[in-house]
Amino acid sequence: MFRRAHIVFCHAGFSPAYLLAVFFICTGTQAKEYSLDYKVSGGADYNDNEGLSREDKRSTSGVQLSLPINFMMRSERTSASFKSELKSFKFDDSGYNSNDQNFQADTSHQLERGYVSGSAGYMRGSTRTTEFLDTGRIGGVSTRVERVSAATSAAYYLTENNRASAGLTYGKTDYASPRYIGGTTIAASIGAANQWSDRTSLSLRARVARYQNDANRQTTSDIIGSQAGFNSVLSENLDMSLSGGLTYVKTSIDSNASASRPDSNTTGYVVNGAVNYRQERYSLSATLARNIRPTGNGDLNIFDQVTVDYRYKLSDLSAFNVRLIGGNTEALEGSLDNDRTFALIRLGITYKLSQYWAASGGYTYRYQDAGRGAAQSNALQINLTFNPETYMWSR
């Protein structure tokens with residue numbers, strides 16, 4: 001079943017219709033409980049430098065409308081979900097207008113001594129929303145971005161405290177402008193985990209992957225890496241995780257094209273950590289990540305990023321939230337110049353007007369320096385959201 005699902009989602013003719021087909025095949029007759037919820041949100045925003053440009057600063061004001069819909073199925077052993085969101089953005093500068101779609105499907109089945117799971121997604125957005133944390137090149141007009149993803153994984157409990165796992169992922173990104181370079185990534189992994197104590201688990205993972213870009217001078221990167229880490233629940237309110245390891249990358253240039261740089265071999269390290277703290281009125285989480293991944297520049301970059309999220313419940317009707325992101329990127333190969341430093345500060349507040357209606361407002365500050373001078377932007381947003389109760393039924 002999952003092999004068939006993976007083939008469907010990796011096919012070049014992928015569409016949301018295939019997502020729905022596989023979703024219902026995987027859940028089929030086992031689902032006993034269903035739930036459906038949706039929101040309708042509309043708002044307006046203003047940005048004094050939408051393209052995050054150093055010189056050609058373009059301020060925009062506009063409106064947006066979004067419709068997220070979540071559908072879930074659940075039985076004794078099987079769970080599945082289908083999430084979709086439609087968004088429409090209209091600005092006084094029509095170059096940033098876009099109609100976006102995002103579809104994500106997940107399913108999981110529990111076995112006697114393990115589980116199998118699968119997921120797939122399709123996102124059709126624009127560089128206005130995707131590139132700040134990728135290349136930083138948003139542009140004087142937004143460019144269409146399409147991303148397809150699929151994954152399948154399985155785990156088996158060798159003993160009560162020891163588990164083996166394996167996974168396979170696929171991802172493809174396409175841009176509608178030659179200013180950006182898309183590509184395809186296929187990766188496989190195997191791992192093992194040990195429940196060392198009631199509160200702490202240890203893990204090992206090995207991964208192989210291949211990334212191939214869509215440039216005229218196509219490059220192919222073969223990736224081999226391993227990581228070790230732990231996950232620990234320190235108290236009822238505090239948990240943390242940390243993993244790290246080495247990654248070896250061999251990059252080659254298409255031999256049938258005139259190459260501007262030679263083949264290369266590079267070794268780097270990766271780190272992923274997270275801390276979560278919760279209290280009755282507030283929550284605080286922080287993540288630290290150093291990863292190697294492809295970007296819209298058509299090459300592998302090293303991403304260092306710290307993210308902090310804080311949420312405080314002001315009252316039964318209102319809440320305040322803060323998001324801080326800071327980091328930098330650099331090309332994996334020293335011969336390339338993709339270095340960039342970036343930061344984001346987002347402040348928001350929500351207020352529940354009634355049982356189904358809520359209002360929210362926020363401020364966002366963005367900054368980046370790609371070595372040719374810094375650029376920054378300020379944005380204000382207001383939204384009104386209708387969120388009815390979740391509809392639930394069973395059979």
Side-chain angles (χ1 to χ4, degrees), residues 16 35-52 58-72 81-104 121-133 138 141-142 144-145 280-285 307-325 344-366 377-392:
S35 68
L36 176 68
D37 68 82
Y38 70 93
K39 298 179 182 179
V40 180
S41 180
D45 60 47
Y46 168 80
N47 193 312
D48 65 0
N49 187 7
E50 189 72 68
L52 203 59
R58 298 189 180 186
S59 62
T60 61
S61 58
V63 296
Q64 58 177 293
L65 181 67
S66 65
L67 175 62
I69 302 175
N70 299 328
F71 179 59
M72 296 186 67
S81 67
F82 180 78
K83 300 179 180 180
S84 66
E85 184 170 22
L86 307 178
K87 285 186 175 182
S88 181
F89 301 91
K90 302 297 180 184
F91 297 96
D92 54 352
D93 186 339
S94 61
Y96 292 104
N97 291 350
S98 66
N99 295 307
D100 303 343
Q101 303 88 43
N102 192 0
F103 303 96
Q104 304 291 328
Y122 170 76
M123 186 279 294
R124 184 174 181 268
S126 75
T127 53
R128 176 181 170 270
T129 56
T130 65
E131 294 308 297
F132 176 71
L133 295 178
I138 299 168
V141 296
S142 60
R144 178 60 64 196
V145 183
E280 183 179 355
R281 295 183 67 89
Y282 70 89
S283 63
L284 176 66
S285 64
T307 304
V308 178
D309 286 295
Y310 175 77
R311 180 178 175 82
Y312 184 80
K313 185 177 180 181
L314 299 170
S315 68
D316 291 339
L317 300 177
S318 60
F320 172 72
N321 57 81
V322 179
R323 163 161 279 200
L324 306 175
I325 297 177
L344 178 145
I345 301 174
R346 180 172 294 155
L347 310 176
I349 189 168
T350 59
Y351 185 82
K352 193 170 184 180
L353 301 172
S354 66
Q355 183 178 1
Y356 301 133
W357 290 93
S360 62
Y363 164 78
T364 302
Y365 170 81
R366 296 180 301 169
S377 71
N378 300 274
L380 295 172
Q381 309 90 25
I382 57 172
N383 285 280
L384 182 65
T385 302
F386 174 69
N387 184 17
E389 293 180 353
T390 300
Y391 180 50
M392 303 181 68

Colleague: Applying side-chain contact (heavy atoms from CB on, under 4.5 Å), name anything that partners Tyr351, two or more places apart in sequence or on another chain.
Modeller: Leu317, Ser318, Leu353
Colleague: Within the 3.5 Å criterion, strictly below it, is a donor on Asp48 or Ser59 matched to an acceptor on the partner's side chain?
Modeller: no
Colleague: For residues 356-365, please give each side-chain donor-acceptor pair under 3.5 Å, one per line with the distance, not counting sequence neighbours.
Modeller:
unit_1 : atom_1 : unit_2 : atom_2 : d
Tyr363 : OH     : Asn378 : OD1    : 2.5
Thr364 : OG1    : Arg346 : NE     : 3.3
Thr364 : OG1    : Gln381 : NE2    : 3.4
Tyr365 : OH     : Gln376 : OE1    : 2.7

Colleague: Hey, could you give me each pair passing salt bridge (charged side-chain N to carboxylate O under 4.0 Å, His left out) that has a residue in residues 351-364? Not counting sequence neighbours.
Modeller: none
Colleague: Say you draw a straight line from OG1 of Thr127 to CD1 of Ile138; how long is it, rounded to the nearest 0.5 Å?
Modeller: 7.0 Å
Colleague: With sequence neighbours excluded, what pairs up with Thr129 under the side-chain hydrogen bond (donor to acceptor under 3.5 Å, both in side chains) test?
Modeller: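 Partners of Thr129 under the side-chain hydrogen bond (donor to acceptor under 3.5 Å, both in side chains) test: none.
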Colleague: Are Leu347 and Ile345 packed together at the side-chain level, in the sense that at least one heavy-atom pair is separated by less than 4.5 angstrom?
Modeller: yes
Colleague: Contact between Phe71 and Tyr38 at the side-chain level, heavy atoms closer than 4.5 Å - yes or no?
Modeller: no
Colleague: What residues form a side-chain hydrogen bond (donor to acceptor under 3.5 Å, both in side chains) with Ser377, not counting sequence neighbours?
Modeller: Arg366
Colleague: Is Glu131 close to Leu52 at the side-chain level, that is, under 4.5 Å between some pair of heavy atoms?
Modeller: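 They are not in contact (no side-chain heavy atoms under 4.5 Å apart), so the answer is no.
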Colleague: Who pairs with Lys90 by salt bridge (Lys or Arg N to Asp or Glu O under 4.0 Å), at least two apart in sequence or on another chain?
Modeller: none
Colleague: Run the side-chain contact (heavy atoms from CB on, under 4.5 Å) test against Lys39 and tell me which residues pass, sequence neighbours left out.
Modeller: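 Lys39: side-chain contact (heavy atoms from CB on, under 4.5 Å) contacts with Pro68, Thr385, Asn387.
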Colleague: Ser84: which residues meet the side-chain contact (heavy atoms from CB on, under 4.5 Å) condition with it, sequence neighbours left out?
Modeller: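 Residues passing side-chain contact (heavy atoms from CB on, under 4.5 Å) with Ser84: Ile69, Phe82, Phe103.
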Colleague: Could you measure the distance from the NZ atom of Lys83 to the CG atom of Asp37? Nearest 0.5 Å is fine.
Modeller: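 Separation between the atoms: 9.0 Å.
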Colleague: Does any N or O in the side chain of Gln101 come within less than 3.5 Å of the main-chain N or O of Asn99, such that one atom is a donor and the other an acceptor?
Modeller: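 Yes, the answer is positive, given that a donor and an acceptor are paired below the 3.5 Å cut-off.
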Colleague: Could you work out, with side-chain contact (heavy atoms from CB on, under 4.5 Å) as the rule, every residue matching Ser35, not counting sequence neighbours?
Modeller: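 side-chain contact (heavy atoms from CB on, under 4.5 Å) list for Ser35, sorted by chain: Met72, Thr390, Met392.
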Colleague: If you look at every heavy atom in Glu50 and Phe91, which pair is closest and at what distance?
Modeller: OE1-CE2, 4.2 Å
Colleague: Is Arg144 salt-bridged to Asp100, cutoff N-O under 4.0 Å?
Modeller: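 Yes, Arg144 and Asp100 are salt-bridged.
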Colleague: Ignoring hydrogens and angles, tell me if any N or O in the side chain of Arg281 forms a donor-acceptor pair with the backbone of Lys313 under 3.5 Å.
Modeller: yes
Colleague: So do Asn383 and Thr350 actually touch side chain to side chain, heavy atoms under 4.5 Å?
Modeller: no
Colleague: Could you note down all residue pairs passing salt bridge (charged side-chain N to carboxylate O under 4.0 Å, His left out) where residues 58-71 supplies at least one of them, sequence neighbours left out?
Modeller: Asp56-Arg58, Arg58-Asp93
Colleague: Ignoring hydrogens, what is the shortest heavy-atom contact between Gly42 and Leu65? Give both atom names and the distance.
Modeller: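 Minimum heavy-atom contact is CA-CD1, 4.2 Å.
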Colleague: Rounded to the nearest 0.5 Å, what separates atom NZ in Lys87 from atom CG in Asn102?
Modeller: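 Going from the NZ atom of Lys87 to the CG atom of Asn102 covers 8.5 Å.
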Colleague: What residues form a salt bridge (Lys or Arg N to Asp or Glu O under 4.0 Å) with Asp309, not counting sequence neighbours?
Modeller: Arg323
Colleague: Determine whether the side chains of Ser61 and Asp92 contain a donor N or O and an acceptor N or O closer than 3.5 Å.
Modeller: yes
Colleague: Would you compute the distance between atom CZ of Phe89 and atom OG of Ser126 and round it to the nearest 0.5 angstrom?
Modeller: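 Those atoms lie 7.0 Å apart.
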Colleague: Could you work out, with side-chain hydrogen bond (donor to acceptor under 3.5 Å, both in side chains) as the rule, every residue matching Asn49, not counting sequence neighbours?
Modeller: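 Asn49 satisfies side-chain hydrogen bond (donor to acceptor under 3.5 Å, both in side chains) with no residue once adjacent residues are dropped.
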